[in-house]
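Note that the coordinates shown come from a computational prediction; the quantities given were computed from them, not determined experimentally. Every chain is numbered from 1, with letters handed out A, B, ... down the list of sequences.
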2 protein chains.
Amino acid sequence: MSLGSDDVTAPHGRLTRMPLREQAVGVLRDMVVSGVLGPGDRINEADLASQLGISRGPLREAIQRLGAEGFVEFRQNRGAFVRSLSPEDVRHMYEVRELIEVKAASLAAQNATEEGVEEMRRLIAATDEVLRTDTTGAYPTEYDLHALVLELSGNPQLQRIGTDLQVQVRLARVRSGRSPERAREALTEHLQIISAIADRDPRRAGREMRAHLRRALDTLTA
Amino acid sequence: MSLGSDDVTAPHGRLTRMPLREQAVGVLRDMVVSGVLGPGDRINEADLASQLGISRGPLREAIQRLGAEGFVEFRQNRGAFVRSLSPEDVRHMYEVRELIEVKAASLAAQNATEEGVEEMRRLIAATDEVLRTDTTGAYPTEYDLHALVLELSGNPQLQRIGTDLQVQVRLARVRSGRSPERAREALTEHLQIISAIADRDPRRAGREMRAHLRRALDTLTA
DNA sequence: CAGACCTCCGCTGTCGACAATCAACTCCTG
DNA sequence: CAGGAGTTGATTGTCGACAGCGGAGGTCTG
């Protein structure tokens, strides 16, 4: 697993090389949410660095970033550990997430551009599609929805904090996969949120988002 | 300005040496909020490192931390720059801050421990004192209040995000110092918040906090 | 045999040096 | 004299190496 040659195409087509640190941040996040790195696991810098084909320098910088985002915790002279969330932590995270995303949904309903709403409609279609076929492919659009709502809120701060929280929540969800029934429910709830935003109804958008998040938390803690 | 010998006394009295990175984070924050590092300024790693008496390694890690917290921005191969806030940015920050701190105030009114309320009362006294004498010493208690409210909310997530935002706001306030009149106003508003929390009245606590933040934003943008 | 002490190994925290990249300046050219 | 290519200096991105702390496991002692 080396990432030295992972180049990336910049907006204008020029080939640009992302700093190793940035790439490492991405890989680490993936390793955490995919369960390769479980809660409480110690992060061995030397091992991980050679695994990624980079040196410890950029890796340590990446770890700091993850630390500020709340993914890992530090112990004096013991290094970084993948954060393990207590049920209390999860509750607290959802409490904040509700604040953030309800506001975001409401703002999105007010501020979304036409093309934003258009993208929402595409999500409706995609969601519909998933609903009619299988539910295993649900997660991608799940995150897409929440990310899109945050973006359409038009408030970058809200977006930044919201996505951080959203990704952190995955930490809790890694182990406890949800049932197919709940997945279907969630998708229909998404539909409600989307249509409220598309209809430009802030109140309803906020209400639906709140309901959605509360049910999600219930499922998670059950 | 070297920080190699800046030891720190741990909770139980044992002398502990903070990692250079942590100390650097603190110093950098101070340099930003105190105006030594102005918005848009480039951060020269070599200079700053030798200025602090450390090497670039820990410093770079510290900068990453600050980056995740929104203090500095990165440009490809150009390094880190102190973030400069547009009026839009400030508005967005206050929008989120209102969400967070209003909730925090309301929660604090519900959840605060007895000793928490006790500390609030001490703040009332201190604030009263400042009100009666000069107003130049106002800032410390200003930040103390908001920090305390966040802490008493009992939600660590809320606290973390809230303090981040609060410190960032200082970025905007560095240049535009507020008038003594506004400072007095702010203090009386604080009194309202405090007493609402001490009375354990969540509604009023939230309402007063909201009013306070809105006026603060008005002053800032004026 | 249990518990305190000690030793050794692995790992983090830190450093200095090299390579890659960008910005500014110079110099050439029309 | 204006504009562009080449050059140079400064600064970031990256790496490998060393020192010191902490924990695992062995050893000594009561």
Side-chain angles (χ1 to χ4, degrees), chain A residues 1-12 14-28 37 40-68 71-83, chain B residues 1-10 12 14-28 31 37 40-68 71-83:
Chain A
M1 182 187 291
S2 98
L3 37 66
S5 59
D6 261 6
D7 290 341
V8 124
T9 307
H12 297 306
R14 231 173 54 75
L15 211 60
T16 277
R17 192 189 131 145
M18 256 208 270
L20 297 182
R21 164 204 355 136
E22 303 282 347
Q23 302 182 41
V25 168
V27 173
L28 279 186
L37 247 47
D41 282 0
R42 181 177 188 170
I43 294 181
N44 186 317
E45 294 179 1
D47 283 0
L48 197 50
S50 73
Q51 218 173 351
L52 299 180
I54 64 179
S55 79
R56 286 177 52 215
L59 177 59
R60 281 177 64 88
E61 294 175 13
I63 292 176
Q64 282 308 311
R65 193 75 158 282
L66 277 282
F71 265 94
V72 298
E73 296 169 324
F74 299 92
R75 289 190 227 166
Q76 191 70 262
N77 285 317
R78 302 280 336 272
F81 295 76
V82 178
R83 179 161 172 214
Chain B
M1 182 187 290
S2 96
L3 35 66
S5 58
D6 259 8
D7 290 341
V8 123
T9 307
H12 296 304
R14 231 172 54 76
L15 212 61
T16 277
R17 189 195 146 116
M18 261 210 277
L20 296 182
R21 167 206 348 139
E22 304 280 347
Q23 302 182 41
V25 167
V27 173
L28 280 186
M31 290 178 86
L37 249 46
D41 282 1
R42 182 177 188 170
I43 294 181
N44 186 318
E45 296 179 0
D47 283 359
L48 196 51
S50 74
Q51 217 172 350
L52 299 180
I54 63 178
S55 79
R56 285 176 52 215
L59 177 59
R60 282 176 63 87
E61 294 175 13
I63 292 177
Q64 282 308 311
R65 201 38 133 14
L66 277 282
F71 265 94
V72 299
E73 297 169 324
F74 299 93
R75 289 191 227 165
Q76 190 70 258
N77 285 317
R78 305 275 341 268
F81 295 76
V82 177
R83 180 161 171 212

Peer 1: Can you tell me if the side-chain N/O atoms of Arg60(A) get under 4.0 Å from OP1 or OP2 in dG13(C)?
Peer 2: yes

Peer 1: Counting the atoms with a prime plus P, OP1 and OP2 as sugar-phosphate, which does Ile43(B) contact under 4.0 Å by heavy atoms, base, sugar-phosphate, or nothing?
Peer 2: sugar-phosphate

Peer 1: Quick one: list whatever passes side-chain hydrogen bond (donor to acceptor under 3.5 Å, both in side chains) with Arg56(B), sequence neighbours left out.
Peer 2: Glu45(B)

Peer 1: Students often get this wrong, so: under 4.0 angstrom with heavy atoms, is Ile63(B) touching a base, only sugar-phosphate, or nothing?
Peer 2: nothing

Peer 1: Taking all atoms of both residues into account, what is the closest heavy-atom pair of Met18(B) and Gln23(B), and its distance?
Peer 2: O-NE2, 2.9 Å

Peer 1: Tell me: CG of Leu52(A) to P of dG13(D), nearest whole Å?
Peer 2: 19 Å

Peer 1: For Glu45(B) and dT21(C), give me the distance from atom CD to atom P, rounded to whole Å.
Peer 2: 16 Å

Peer 1: Quick check on dT14(C): is either OP1 or OP2 less than 4.0 Å from any side-chain nitrogen or oxygen of Arg21(B)?
Peer 2: no

Peer 1: Do Glu73(B) and Arg78(B) make a side-chain contact, defined as non-hydrogen atoms from C-beta onward lying under 4.5 Å apart?
Peer 2: no

Peer 1: How long is the gap from CG on Leu66(B) to CD on Glu61(B), to the nearest 0.5 Å?
Peer 2: 12.5 Å

Peer 1: Give the rounded distance in Å between these two atoms: CE of Met18(A) and P of dT21(C).
Peer 2: 16 Å

Peer 1: What residues, two or more places apart in sequence or in another chain, satisfy side-chain contact (heavy atoms from CB on, under 4.5 Å) together with Asn44(B)?
Peer 2: Ala46(B), Asp47(B)

Peer 1: Please enumerate all protein N or O atoms sitting under 3.5 Å from an N or O of nucleotides 6-10 of chain C, with distances to 0.1 Å.
Peer 2:
none

Peer 1: Got a list of protein N/O to nucleotides 16-20 of chain C N/O distances below 3.5 Å?
Peer 2:
none

Peer 1: What's the CG-C1' distance between Leu48(A) and dC11(C), to the nearest Å?
Peer 2: 14 Å

Peer 1: Calculate, to the nearest 0.5 Å, the distance between atoms CG and CZ belonging to Leu48(B) and Arg42(B) respectively.
Peer 2: 13.0 Å

Peer 1: Partners of Ala80(B) by side-chain contact (heavy atoms from CB on, under 4.5 Å), sequence neighbours excluded?
Peer 2: Ile43(B), Ile63(B), Val72(B), Phe74(B)

Peer 1: Using the test side-chain hydrogen bond (donor to acceptor under 3.5 Å, both in side chains), find all partners of Gln64(A) that sit at least two apart in sequence or belong to another chain.
Peer 2: none

Peer 1: Does the pair Arg60(A) and Arg21(B) meet the rule for a side-chain contact (heavy atoms from CB on, under 4.5 Å), with working shown?
Peer 2: CA-CA 11 Å; Arg60(A) 281 177 64 88; Arg21(B) 167 206 348 139; 4.0 Å; yes

Peer 1: Atom pairs under 3.5 Å, N or O on each side, protein against nucleotides 19-21 of chain D: can you list them with distances?
Peer 2:
from: dC21(D); atom 1: O3'; to: Asn77(A); atom 2: ND2; distance (Å): 3.2

Peer 1: Note down the inter-axis angle between the two ends of the helix from dC1(C)-dG30(D) to dG30(C)-dC1(D), five pairs each, to the nearest 10°.
Peer 2: 0°

Peer 1: Pick base, sugar-phosphate or nothing for Arg75(B), based on heavy-atom distances below 4.0 Å to the nucleic acid.
Peer 2: nothing

Peer 1: Side chain to side chain contact (heavy atoms under 4.5 Å, CB included) with Pro58(B): which of Val25(B), Leu20(B), Leu52(B)?
Peer 2: Leu20(B)

Peer 1: Asp47(B) has an atom CG; how far is it from atom C1' of dT11(D), in whole Å?
Peer 2: 10 Å

Peer 1: In whole angstroms, how far is the C1' atom of dT14(C) from the CD atom of Glu61(B)?
Peer 2: 9 Å

Peer 1: Are Gln76(B) and Pro19(A) close enough that some pair of their side-chain heavy atoms sits under 4.5 Å apart?
Peer 2: yes

Peer 1: Find which nucleotide of DNA chain D each of Arg78(B) and Pro58(A) is nearest to by heavy atoms, and output the residue with the more 5' nucleotide.
Peer 2: Arg78(B)

Peer 1: Just to verify, what does Arg83(A) make a side-chain hydrogen bond (donor to acceptor under 3.5 Å, both in side chains) with, not counting sequence neighbours?
Peer 2: none

Peer 1: Among all residues two or more places apart in sequence or in another chain, which pass the side-chain hydrogen bond (donor to acceptor under 3.5 Å, both in side chains) test with Glu22(A)?
Peer 2: none

Peer 1: Could you state the CD-C1' distance from Glu22(A) to dG13(D), rounded to the nearest angstrom?
Peer 2: 12 Å

